[in-house]
Amino acid sequence: MGVADGDRIHAVAVRMDHDHHLDFAAAYPHIWLILPKENSVEILASRQALARATVLASRLGPAPSAPHHLVVSCRKGDRPLTLTGWRRTRTATDAYATPVEAATRVHARDLVDRLGSDATGPLTAAAP
């Protein structure tokens with residue numbers, strides 16, 4: 001997984017913090033436990049697709065963060081396969097990050113209600 005892929009996943013945490021003062025790393029494992037089955041199945045499927053794409057990309061060539069580097073650093077015959085692996089990883093990363101963010105936005109309130117916590121402050125690991 002390249003830098004841009006990690007940034008896409010990290011962007012979910014940044015947006016949750018900015019928009020809702022939600023500590024994504026602290027809250028998401030708990031949100032995962034209260035997700036309806038259809039949501040968790042969709043997220044698991046997208047996570048498995050991301051894992052497969054990452055394995056494919058790692059077998060096809062180096063893992064730099066831009067296609068230009070892929071084209072320059074691999075042999076001419078490997079370029080189409082390497083670019084395919086890179087593109088699949090980028091697509092799978094977005095397909096994983098999108099439902100994770102959506103599930104967090106939809107179910108964060110449920111988590112706060114179940115914990116009986118004060119919803120006015122940020123939800124962090126140190127919150128009661």
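Keep in mind that what you see is a predicted model, and the values were worked out from it rather than measured. We count residues from 1, following the sequence as given.
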Output every pair passing salt bridge (charged side-chain N to carboxylate O under 4.0 Å, His left out) with a member in residues 92-106, not counting sequence neighbours, ordered by first then second residue. Arg8-Asp94, Arg15-Glu101, Asp19-Arg105, Glu101-Arg105
From OH (Tyr96) to CD (Gln48), nearest 0.5 Å: 11.0 Å
Spacing of Thr89 atom OG1 and Arg87 atom CZ [to the nearest 0.5 Å]: 11.5 Å
Separation between OG1 of Thr93 and CG of Leu50, rounded to the nearest 0.5 Å: 4.5 Å
If you look only at distance, which donor and acceptor atoms sit under 3.5 Å apart when one is on a side chain in residues 25-33 and the other is two or more places apart or in another chain?
none

Thr104 OG1 to His20 NE2 distance, which is reported to the nearest 0.5 Å: 9.5 Å
Could you tell me if His107 and Asp110 have a donor-acceptor pair between their side chains, going purely by distance under 3.5 Å? yes
Under 3.5 Å donor-acceptor pairs involving side-chain atoms of residues 34-47, not counting sequence neighbours:
from  : atom 1 : to    : atom 2 : distance (Å)
Ser40 : OG     : Lys37 : O      : 3.0
Ser46 : OG     : Glu42 : O      : 3.4
Ser46 : OG     : Ile43 : O      : 2.9

